[in-house]
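A short write-up of the structure that comes next.
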Amino acid sequence: MKKKNSPLIDIKIQSEDFDVTKENKKLHNNQPGAIVNFVGIVRGVDEKKNETIDSLSLEHYPGMTELEIENIVKESCQRWDISAVTVIHRIGKLLPSDQIVFVGVASKHRQNAFDGCNFVMDWLKTKAPFWKVEENKNKKKWVEFNSLDNDATKKWKT
Amino acid sequence: MKKKNSPLIDIKIQSEDFDVTKENKKLHNNQPGAIVNFVGIVRGVDEKKNETIDSLSLEHYPGMTELEIENIVKESCQRWDISAVTVIHRIGKLLPSDQIVFVGVASKHRQNAFDGCNFVMDWLKTKAPFWKVEENKNKKKWVEFNSLDNDATKKWKT
Amino acid sequence: MVIKYFSWIREHIGKSEESFDLPSEVTTINELINYLNGLNDKYKHAFAKRSLIKIAVNKTYSPIESKINNNDEVAFFPPVTGG
Amino acid sequence: MVIKYFSWIREHIGKSEESFDLPSEVTTINELINYLNGLNDKYKHAFAKRSLIKIAVNKTYSPIESKINNNDEVAFFPPVTGG
C-alpha cells in the first residue's frame, strides 16, 4: 500500500539508553492503531564460539549511518502505509542485557507495522555502518558479519 | 525451529494500563537477543463508517479468554524458538489513544520474535473471546468482525 | 446446564447467564438452540442469523452438532472483535 | 581527498582518517587501493582480502570501479555488524 500522509521519522545514534514506553508515545502520529517495536539486546555469549562476552563496543561512520538508515526507513514508508518510524541505535560500550537498538513503527493496520519494522531491521543489519567489537577479559574480537543477515533481506526483493 | 528451553509465558486480562518498558524487562529470559512488541491502540474513528468514537468498552469470556490465548501462545512456542511471551489484553472502558493490547515475544533470533508476535496477534484477533462496543454520544454499537482478520491467519496455515 | 451469552446476543436475550436442567430430548447444541427458540421470541431474535453464532462447550470452540449433557457449560457469542 | 577507515581496517592501517592530494593517475577506487598498497605493508595487510572490503564514496556505498576525484571522501570498512 502506498503512503497517504507524510510519516514522522526520527533517527538517533546515541550512547544513552532509551525507554520504549516514551518512544512509543512519540509514535502516536495520525491515530495509529498499531505499534510494532523491535528491541535488540546484548547477549552475554558469542553463540558461534560459545564464549562469554564481558562487554561490547560499537563504532560507526557518523553521517553515513544516518543517511543509510534514513534511506531504509523511507523505503519502508514507500512500501507500506506507515504513520511514524523511530530508529535508535546505541554506540560506545555496552554490557550483556543492555538494549542496543530500537525500531518502532506505527500504522493504522498491524501487518503494515509488522512488515515495516521487520524490513527496517533486516536492512539495518546489512547496510548501516556499525561495527561491534567483543571484549572478553583482555581480548578484543571484531564480530564477523553473519551471512544469515544477507539471506534475511531476500524476502523483501520482489 | 523447535523450542529448546521452556519458555516463560505470562497472560493477563486486566482493566489497568500497562507499561511496555516494564513488560520488556520481564521478558529477559534465557538471554534473548531480540524482543518484538505489538501494542494495539484505540483509534478515535470507525474507519468503515468514518464516525468519531468517544470511547470503547470491552467485554470478554473469563476463563475461556485465558485458555484460548494460552493455546495460541503455546502453538507459537512450538513453531519457533521463543524464550518468553507476554500477552496483556485490557477490558472495560477505554478512550481513543489508550493502549488496548500488548504482545511481547523474546527470542535469541529476531525473525522468530517477529513471526511469533505476528502469529499470536493474528490468532488473538480471530479466536480470543473479546467483544468491543463503540460509544458515540449516546449511541452504542457493537463492532463487527473484520473478515480481513480471518484472511490474515491464512499465512500461518502450512 | 449453564448457558452464557455475550455481546449483542446477551443484549437480545436480556441476560448474561442462566442455568436449568437440560430436557432429556435435547442432546446437541442444535437441539438446544431449537429448544430455546421455542421459549420466546428473544431467543429467536438472538439466534436468527445462525452463521453469526459462535459456540463454546466448556470454554472450547465447538460445532453446532456437538453432543451436550447437563453438566456442560455452553456459551453463545458473535464473532470476536478484540485486539 | 579524505580517506576514512573503520573497525579492523582502521586498526591495521593505524589511523582512522587521512587526507592528501590524489595523484593524477589515480582515478578509481581500485587504483586508489593499489596506490595505497604501494605505500607500505600496513595497507597491503588491511586490503589483503578484497572481498571483505566495503567502499563508500561521499557516504554512499560504491563499487570498486567507481571514479573518484580529489574532492571526494572515501571510506573503507568491513561488512557491517550493528543491530
Side-chain angles (χ1 to χ4, degrees), chain A residues 11 13 38-43 46 48 56-72 87-92 94 99-103 117-134 140-150 152-153, chain D residues 1-20 22 28-30 32-33 36 41-83:
Chain A
I11 295 165
I13 315 299
F38 178 86
V39 181
I41 298 162
V42 178
R43 299 189 59 213
D46 178 319
K48 282 185 190 164
L56 206 65
S57 287
L58 271 125
E59 176 177 333
H60 81 123
Y61 184 176
M64 181 169 174
T65 315
E66 292 84 347
L67 271 179
E68 280 297 319
I69 295 175
E70 199 180 316
N71 288 341
I72 296 164
V87 178
I88 303 173
H89 203 300
R90 294 178 70 191
I91 49 171
L94 298 172
Q99 300 185 116
I100 172 169
V101 60
F102 172 81
V103 178
C117 189
N118 198 339
F119 178 94
V120 170
M121 267 313 295
D122 279 353
W123 286 107
L124 185 152
K125 292 288 282 187
T126 58
K127 290 286 201 175
F130 293 98
W131 301 275
K132 283 185 191 120
V133 61
E134 291 173 356
K140 276 180 53 176
K141 202 187 67 187
W142 290 97
V143 173
E144 281 176 38
F145 179 76
N146 187 343
S147 65
L148 293 177
D149 288 325
N150 256 341
T153 63
Chain D
M1 145 149 305
V2 171
I3 313 187
K4 296 187 177 227
Y5 306 103
F6 294 94
S7 181
W8 52 260
I9 296 178
R10 171 177 56 70
E11 290 184 333
H12 284 342
I13 292 173
K15 48 190 158 191
S16 60
E17 184 173 334
E18 60 186 320
S19 60
F20 57 85
L22 197 64
T28 67
I29 295 285
N30 203 31
L32 176 63
I33 294 176
L36 293 168
D41 282 356
K42 289 180 178 177
Y43 292 100
K44 270 193 192 146
H45 188 34
F47 293 130
K49 290 187 185 166
R50 284 290 162 100
S51 65
L52 287 184
I53 312 287
K54 299 286 179 183
I55 300 147
V57 177
N58 300 322
K59 301 190 172 76
T60 301
Y61 281 102
S62 303
I64 199 161
E65 311 80 28
S66 305
K67 291 278 179 196
I68 46 172
N69 68 55
N70 203 37
N71 298 319
D72 288 331
E73 175 179 301
V74 172
F76 295 106
F77 48 80
V80 304
T81 57

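Keep in mind that what you see is a predicted model, and the values were worked out from it rather than measured. Naming convention: chains lettered A, B, ... in sequence-line order (proteins, then strands); numbering from 1 in each chain.
Among Leu58(A), Val143(A), Asp149(A), the one residue that satisfies the side chain to side chain contact (heavy atoms under 4.5 Å, CB included) test with Thr81(D) is Val143(A).
Counting all heavy atoms, side chain and backbone alike, Trp131(A) lies closest to Pro78(D) at NE1-O, 2.9 Å.
Using a 4.5 Å cut-off on side-chain heavy atoms (C-beta onward), Met64(A) and Lys4(D) make no contact.
Annotation for Glu144(A): atom CD does not count as buried by contact number, only 12 or fewer foreign heavy atoms lying within 6.0 Å.
Residues of residues 66-74 of chain D lying within less than 4.5 angstrom of chain A, judged on heavy atoms, are Glu73(D) in numerical order. Taking non-hydrogen atoms and a 4.5 Å limit, the residue list of residues 43-59 of chain D in contact with chain A, ordered by number, reads Ala56(D), Lys59(D).
Neither the backbone nor the side chain of Thr65(A) comes within contact range of chain D; no heavy atoms are under 4.5 Å apart. Only the side chain of Glu68(A) comes within less than 4.5 Å of a heavy atom of chain D; its backbone N, CA, C and O stay farther away.
Checked by atom type and distance alone, the side chain of Tyr61(D) pairs as donor or acceptor with a backbone atom of Lys127(A) at under 3.5 Å. One N or O on the side chain of Lys125(A) and one on the backbone of Gly82(D) form a donor-acceptor pair closer than 3.5 Å.
The aromatic rings of Phe77(D) and Tyr61(A) stand perpendicular to each other, their planes meeting at an angle above 60°, with 30° marking the opposite boundary.
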